[in-house]
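To keep things clear, I will list the structure first and then write my remarks on it.
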Amino acid sequence: MTRTLAAIAIAPLAVVPALAVLFGPWALTTGGTRSLMGILGPALVVTYPATILFGLPMHLALVRQRCTRWRDYAITGALLGAVPVAGYVLVAVMFDAKFQIAAIGSTLAKNATWGGIGVLVFGLCSAAVAITFRALAIRQPDNLTA
């Protein structure tokens, strides 16, 4: 239980290096450290509740199913971050196309870049948090391949 509480407290911080790698150079060249803080601050505000609401049940389900390898956590975390964003993009495309079947293709093509970036960023950040959570919460034997 103590390991899980430590994981809840520390694992969300994994978004900081993930976002710093993904957006750091761009943010620093366009707006300086203030721009980078504008990315990292809201990410941390969202990540802590998301870890408790979605990450903890994910962890409990994976432990119950005995799927505790780092790969299990990485895939589940990536899906947990990417799938809701992909769903949002599809709903946004439908509204932008005014629910007209003929307009969906062009609207999707117009929004695919930003939608893809969102899916990628949320998926990578969620995978980073999930892997960090696993590293802290799961008691590991001496080898690192468990």
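Small disclaimer: the values here were computed from a predicted structure and weren't measured. One is the number of the first residue; the rest follow in order along the sequence. Both backbone and side-chain heavy atoms feed into the values below; hydrogens, waters and symmetry mates do not.
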Return the minimal non-hydrogen interatomic distance between S106 and A103, and the atom names on each side. OG-O, 3.2 Å

Give a yes or no on whether Y88 and V46 share a hydrophobic cluster (residues Ile, Leu, Val, Met, Phe, Trp, Tyr; joining criterion: side-chain heavy atoms under 4.5 Å apart). no

Find the distance between CD1 (I10) and OG1 (T51) and round it off to the nearest 0.5 Å. 12.0 Å

Does F122 CZ have over 12 foreign heavy atoms under 6.0 Å away? no

If you count every heavy atom of other residues, nucleotides or ligands that lies below 6.0 Å from F99 atom CZ, does the total exceed 12? yes

Spacing of OH belonging to Y73 relative to NE2 belonging to H59, to within rounding of 0.5 Å: 4.5 Å

Hey, any chance L13 and M37 share a hydrophobic cluster, counting ILVMFWY side chains that come within less than 4.5 Å of each other, even indirectly? yes

Minimum heavy-atom distance L36-G24, with the two atoms named: CD1-CA, 3.9 Å

Quick one: pull up CG in L136 and CZ in R134 and give me the separation to the nearest 0.5 Å. 10.5 Å

Indicate the atoms forming the closest heavy-atom contact of A43 with L19, along with that distance. CB-CD1, 3.3 Å

As an exercise, state the distance from CD1 of I52 to CD1 of I8, rounded to the nearest 0.5 Å. 6.0 Å

Same apolar cluster: L60 and W70, side chain cutoff 4.5 Å: no

Which value, rounded to the nearest 0.5 Å, describes the distance between M58 atom CE and D72 atom CG? 10.0 Å

For V129 and V15, work out which heavy atoms get closest and say how close. CG2-CG1, 3.6 Å

Using a 3.5 Å distance criterion without hydrogens, assess whether the side chain of T29 forms a donor-acceptor pair with backbone atoms of W26. yes

Could you measure the distance from the CZ atom of F23 to the CD1 atom of I117? Nearest 0.5 Å is fine. 7.0 Å

Please identify which of these residues, V83, V85, L124, meets the side-chain contact (heavy atoms from CB on, under 4.5 Å) condition with V119. V85

For the OH atom on Y48, are there more than 12 heavy atoms of other groups (residues, nucleotides or ligands in this structure) within a distance under 6.0 Å? yes

Hydrophobic cluster membership, with links at side-chain heavy-atom distances under 4.5 Å among I/L/V/M/F/W/Y: are L44 and L22 in one? yes

Tell me whether N111 contacts the main-chain N or O of T107 through its side chain, where contact means a donor paired with an acceptor under 3.5 Å. yes

Please find the pair of heavy atoms, one from A20 and one from P25, that lie closest to each other, and give the distance. O-CD, 3.7 Å

Between A130 and G77, the two heavy atoms sitting closest are CB-CA, 3.8 Å

Let me check something: do V16 and I39 share a hydrophobic cluster, defined by ILVMFWY side-chain heavy atoms less than 4.5 Å apart, either directly or through other members? yes

